[in-house]
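See structure below.
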Amino acid sequence: MFVGYIPHNQDQADYAVQYQSLNSFAKENGFVIGCIHSSNNFENVKSILQADCEGILINKISNIGPYLQDIKENLQFCQERNLKLYSIDDGYSFDNSNLTEDFFNGMDVAIDIRSHLISQSTRKVLSQRKKEGKKLGRPFGAKVKSKLENNSERILQMLDDGISKSEIARQLGINRASIYAFAIRHGISFSRTSF
């Protein structure tokens, strides 16, 4: 039995297209879909999986996470539970034959490269704006409370509970790097790859 997952959105026509795509793929491959789940977060799908579940069907790999790190974590979840994952539109199929340690090490390298590229392009843009005479950053003396300050106890509890930095950042609507910096300021150490 497979579980289908469609991210929740307000567009009924898009939902119908994705629903049809999952059903057609299952029929063509002789799979049985036990249910098609729709929610705002792939974590909800993980919580409903039963022991007899063979795998998960999705339409796009981005459905399992908005960031490469989230996708990696969710693929690791599938590997740990010996689940197959089919991303129909992308033509990807994952199972324990290709979800190997080398695969995840490659993802770590890709995540690191992407991070460096973003940092490099950000520095270029900021440098260009500075050359143009634009002021960077918040105005001096601005009284803006950060989401980190307002949620510091909640964040510490979530970190203590073992919730990933990616998930905390998503729940608070902030950058994962902010959570990393917050944890360091509060004396919480962890490897950058567990980020």
Side-chain angles (χ1 to χ4, degrees), residues 2-9 34-87 92 94-96 99-119 122 144-195:
F2 281 79
V3 169
Y5 172 61
I6 302 173
H8 177 73
N9 67 40
C35 73
I36 294 183
H37 185 76
S38 181
S39 70
N40 291 329
N41 193 328
F42 186 72
E43 297 297 315
N44 297 330
V45 175
K46 290 162 49 172
S47 67
I48 66 160
L49 294 175
Q50 298 174 356
D52 63 342
C53 185
E54 195 177 332
I56 303 167
L57 302 177
I58 57 175
N59 284 292
K60 297 177 180 153
I61 195 66
S62 59
N63 290 356
I64 66 170
Y67 303 105
L68 197 52
Q69 181 65 36
D70 299 319
I71 292 169
K72 177 189 169 214
E73 289 171 8
N74 288 321
L75 288 173
Q76 285 176 318
F77 170 86
C78 291
Q79 181 221 24
E80 290 163 5
R81 284 156 186 82
N82 198 24
L83 294 169
K84 297 173 183 168
L85 181 105
Y86 293 93
S87 178
Y92 299 142
F94 298 101
D95 59 28
N96 279 356
L99 292 176
T100 63
E101 186 176 340
D102 287 341
F103 175 84
F104 290 116
N105 288 338
M107 284 196 81
D108 284 335
V109 170
I111 290 166
D112 193 47
I113 290 170
R114 186 176 188 280
S115 173
H116 290 297
L117 290 172
I118 289 171
S119 295
T122 301
V144 179
K145 279 197 168 186
S146 77
K147 290 181 182 181
L148 291 174
E149 293 170 16
N150 293 337
N151 293 292
S152 61
E153 287 188 31
R154 179 178 172 205
I155 294 168
L156 289 170
Q157 183 61 51
M158 292 168 89
L159 288 168
D160 207 33
D161 291 343
I163 298 173
S164 74
K165 281 59 146 190
S166 300
E167 181 58 25
I168 296 170
R170 184 176 25 260
Q171 287 184 24
L172 297 176
I174 58 178
N175 188 299
R176 289 179 299 150
S178 299
I179 298 296
Y180 182 81
F182 174 88
I184 296 298
R185 279 196 307 276
H186 286 82
I188 300 168
S189 64
F190 43 82
S191 74
R192 185 93 183 176
T193 57
S194 69
F195 190 71

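Heads up: numbering here begins at 1 and tracks the sequence.
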Using 0.5 Å steps for rounding, measure from the OG atom of S166 to the NZ atom of K72.
10.0 Å
Within a strict 4.5 Å, meaning less than it, do heavy atoms of the F103 and Q79 side chains meet?
no
Can you tell me how far CG of L75 sits from CD of E80, rounded to the nearest 0.5 angstrom?
11.0 Å
With sequence neighbours left out, write down each residue that passes side-chain contact (heavy atoms from CB on, under 4.5 Å) with I163, or none if nothing qualifies.
M158, D161, E167, I168
Pairing residues for R154 by the side chain to side chain donor-acceptor pair (under 3.5 Å) criterion, not counting sequence neighbours
Q171
Qualifying ring-ring contact (aromatic ring centres under 6.0 Å, His included) pairs, either residue in residues 57-81, two or more places apart
none
Report yes or no: do Q69 and E73 form a side-chain donor-acceptor pair below 3.5 Å?
yes
Check this for me: R114, atom CZ, are more than 12 non-hydrogen atoms of other residues, nucleotides or ligands nearer than 6.0 Å?
no
What's the separation between atom NZ in K165 and atom OH in Y180, rounded to the nearest 0.5 Å?
9.5 Å
Kindly give the heavy-atom pair with the smallest separation between I56 and F2, and that separation in Å.
N-CD2, 3.7 Å
Non-hydrogen side-chain atoms of I48 and C35 separated by less than 4.5 Å
yes
Rounded to the nearest 0.5 angstrom, the CD1-CG distance for I58 and N74 is 9.0 Å
Side chain to side chain contact (heavy atoms under 4.5 Å, CB included) partner of L83, the single match among V3, L49, L99
L49
Can you measure from CD1 (I36) to CD1 (I6) and round to the nearest 0.5 angstrom?
5.0 Å
Verify, without hydrogens or angle tests, whether N44 (side chain) and S39 (backbone) share a donor-acceptor contact under 3.5 angstrom.
no
Using the salt bridge (charged side-chain N to carboxylate O under 4.0 Å, His left out) rule, collect all pairs that involve residues 52-63, keeping only residues at least two apart or in two chains.
E54-K84
Tell me, please, which residues at least two apart from S38 pass side-chain contact (heavy atoms from CB on, under 4.5 Å).
H8, Y15
Please check this pair: side chain of T122 against backbone of I118, looking for a donor-acceptor N/O pair closer than 3.5 Å.
yes
Going from CG on L156 to CZ on F182, what distance comes out if it is rounded to the nearest 0.5 angstrom?
4.0 Å
All pairs passing ring-ring contact (aromatic ring centres under 6.0 Å, His included) where residues 42-64 contributes a residue, at least two apart:
Y5-F42
With a 3.5 Å distance limit and no angle check, can you tell me whether D112 reaches the backbone of D108 through a side-chain donor-acceptor pair?
no
Given I61 and F94, is the side chain to side chain contact (heavy atoms under 4.5 Å, CB included) satisfied, shown in steps?
CA-CA 11 Å; I61 195 66; F94 298 101; 3.9 Å; yes
